[in-house]
Amino acid sequence: MQSDRGHWGSSTGFILAATGSAIGLGNLWRFPYITWENNGGAFVLVYLLCVAAVGMPIMMAEFLIGRRTQKSTVGALRECAGPLWGIFGVWGVLCAFLLLSYYTVIAGWSLYYFARTAAWSAAGYPGLATGDLFQAQVGNAGLQLVLSLGFSVATVAVVWFGVREGIERLARVSLPILFGILLLLLVSALGMSGSGQAFGFLFQASFAELEAGSMLSALGHSFFSLSVGMGAMITYGSYLSRKQSIVKASAAIVALDTGIAIVASIIMFSVIFSVAGMTEQVGASPVGMLFISLPELFYTEVPFGALLAPLFYILVAVAGLTSTISLLEVVTAYLIDEHAVERHRATLLSGAAVFVFTIFAALSFSGTPFFSSLAVFANKTGWFETVDHFVSNIMLPTGGLAVTLAAGWFISRRVSHGELVDGNEPGWFRYGLWLGFIRFVAPAAVLAIIIAVLLGADFS
Ligand code: PFF
């Protein structure tokens with residue numbers, strides 16, 4: 001069953017695909033908005049610590065588990081760490097399934113804003129009512145269904161052809177352009193009056209305001225953003241050949257991913273603190289920050305903004321696509337490897353099953369009974385927010401904890417050393433560092449945060 005597994009075309013192809021998985025709506029949409037909800041500063045600092053001390057060692061662990069076994073999540077954990085660990089593989093597949101179901105809806109929003117900004121660029125920008133527009137678009141159930149269906153079809157289409165032909169190529173072209181536009185936006189945003197306040201908000205840590213719940217959110221988001229904790233990087237690692245240095249690849253991916261999240265936040269907060277009335281609009285709907293704040297910047301500050309705005313939103317959609325395919329790949333590869341389903345059938349089956357849940361997420365903002373009103377966690381209303389909270393703050397941290405324990409304590413050192421250290425260097429220091437983090441620091445940090453939340457009984 002394993003003999004005809006595909007492999008990445010090249011080292012660069014792998015790095016681009018994995019970076020494409022990591023960089024997505026988590027950086028552009030989710031990080032800025034949860035930073036807002038968690039009062040910036042201290043939250044950002046905890047996030048950076050989580051990325052370095054927990055996320056990066058887990059990413060390396062996932063790549064090594066995948067490459068060693070050449071299997072997807074369930075089979076890989078089972079083979080490497082022991083039969084019971086397969087259960088955590090299933091947990092990861094479920095997590096990817098649920099995450100994909102609502103992620104698709106946000107990706108659909110960027111398609112809408114592509115169309116909107118294209119129309120504005122042609123006919124003129126109507127000025128600031130972007131908050132109301134956002135509310136109207138998410139409240140339109142029919143529109144939400146059409147947009148997310150469109151995006152689901154695109155995701156299935158790419159995975160259908162296998163990751164190599166579709167995604168490597170897409171990531172190669174789109175990511176550099178996205179970085180270029182972000183840089184231009186950054187330069188423009190830095191010239192705005194509120195940019196100083198934006199830096200203060202993001203980088204002045206006031207620990208008095210930090211709650212245990214915020215620490216859990218920072219931890220969960222570090223997993224979300226790096227695509228770890230649910231087996232996506234195990235699956236991508238399973239298409240990896242021996243030539244690639246896992247340490248270097250992980251360092252590059254983590255640095256790019258974190259850099260983009262910070263840059264995106266500086267841009268958005270500069271706009272929010274510069275434009276009168278923007279704080280209220282974003283405050284009414286933080287979840288829409290990416291869509292509410294940036295049109296102002298494009299149409300009032302950025303040279304050639306009218307040209308760049310639609311291009312930017314279509315690239316956001318592409319950044320989303322390079323992430324959704326890695327999520328669908330987790331589910332598809334599970335069906336292929338564990339249930340011997342043929343690739344095309346597996347892709348269609350998983351795509352269709354996920355879409356049922358995407359419908360629930362798409363109906364979360366339109367006043368639809370149950371889906372709009374579900375309230376399980378404090379301050380989270382509707383199916384969409386409930387599932388996002390459950391996946392990021394509960395499923396990802398537990399999945400990540402399982403990977404640290406499996407890699408640190410159950411996989412033999414001979415295996416992990418063999419995978420992490422390339423042949424031509426001793427590398428014991430690097431390996432020892434990783435081992436220390438994956439065995440002690442990462443699990444202790446995850447457990448400490450979970451316990452803090454439980455003791456603080458603050459589950460918001
Ligand atoms: N890392 C992606 C983002 O930040 O948008 C989201 C994601 C993709 C998470 C793939 C998990 C995953 F397997």
Side-chain angles (χ1 to χ4, degrees), residues 16-35 47 50-51 55-56 58-59 62-63 65-66 72-73 76 89 91-110 151 155 158-159 163 167 171 174-175 178 182 217-239 250 253-265 287 289-290 315-334 350 354 387-388 390-393 395-397 399-400 403:
L16 282 170
T19 307
S21 168
I23 295 181
L25 303 167
N27 309 63
L28 303 169
W29 160 74
R30 198 169 189 279
F31 181 70
Y33 119 70
I34 61 170
T35 296
Y47 173 75
C50 289
V51 164
M56 166 126 175
I58 295 185
M59 181 181 282
E62 290 204 6
F63 284 149
I65 292 171
S72 54
T73 318
W91 182 245
V93 173
L94 265 177
C95 182
F97 183 101
L98 278 179
L99 207 165
L100 178 57
S101 73
Y102 70 88
Y103 195 95
T104 301
V105 174
I106 316 146
W109 298 344
S110 43
F151 205 84
T155 306
V158 179
V159 175
V163 273
I167 214 55
S174 63
L175 284 180
L178 183 69
L182 279 175
S217 293
L219 178 77
H221 186 71
S222 70
F223 291 173
F224 186 108
S225 193
L226 297 175
S227 303
V228 299
M230 87 285 285
M233 292 309 191
I234 296 184
T235 308
Y236 271 22
S238 74
Y239 308 128
S250 308
I253 297 165
V254 168
L256 278 171
D257 187 69
T258 309
I260 295 290
I262 297 285
V263 166
S265 308
V287 81
M289 186 184 286
L290 169 68
L315 288 173
V316 172
V318 172
L321 187 62
T322 54
S323 299
T324 51
I325 55 156
S326 68
L327 287 162
L328 188 60
E329 183 64 21
V330 171
V331 186
T332 305
Y334 164 74
S350 24
V354 170
V387 176
D388 181 34
F390 181 68
V391 165
S392 312
N393 292 21
M395 292 190 93
L396 289 177
V403 174

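Numbering of ligands and ligand atoms starts at 1, following listing order.
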Looking only at distances, can you tell me whether any N or O atom of [X], backbone or side chain, sits closer than 3.5 Å to an N or O atom of ligand 1?
| X | value |
| --- | --- |
| Phe224 | yes |
| Gly26 | yes |
| Leu327 | no |
| Ser21 | yes |
| Tyr103 | yes |

(message) Walk me through whether Phe31 and Phe224 qualify under ring pair (Phe, Tyr, Trp, His ring centres under 6.0 Å).
(response) CA-CA 10 Å; Phe31 181 70; Phe224 186 108; over 10 Å; no
(request) Please write down residue, atom name and distance for the protein heavy atom closest to atom 11 (C) of ligand 1. (result) Met230 CE, 3.2 Å
(request) Determine whether any heavy atom of Ala96 lies closer than 4.0 Å to an atom of ligand 1. (result) no
(message) Closer than 4.0 Å to some heavy atom of Leu25 - which atoms of ligand 1 meet that?
(response) 5 (O)
(request) Can you sort out which atoms of ligand 1 are near Ser227, meaning under 4.0 Å from one of its heavy atoms? (result) 1 (N), 2 (C), 7 (C), 8 (C), 9 (C), 10 (C), 11 (C), 12 (C), 13 (F)
Is any side-chain heavy atom of [Y] closer than 4.5 Å to one of [X]?
| X | Y | answer |
| --- | --- | --- |
| Ser72 | Val330 | no |
| Asn27 | Ile262 | no |
| Met230 | Met395 | no |
| Ser326 | Thr322 | no |

(request) Name the option, out of Ser225, Gly320, Ala232, that contains the heavy atom nearest to atom 13 (F) of ligand 1. (result) Ala232
(request) Can you measure from CD1 (Ile234) to CE (Met59) and round to the nearest 0.5 angstrom? (result) 12.0 Å
(request) Spell out, as yes or no, whether a donor-acceptor pair under 3.5 Å connects the side chain of Ser323 to the backbone of Gly20. (result) yes
(request) Ignoring hydrogens and angles, tell me if any N or O in the side chain of Ser227 forms a donor-acceptor pair with the backbone of Ser21 under 3.5 Å. (result) yes
(request) May I ask you to identify, for Ala22, whether its side chain, its backbone, both or neither come under 4.0 Å of ligand 1 on a heavy-atom basis? (result) backbone
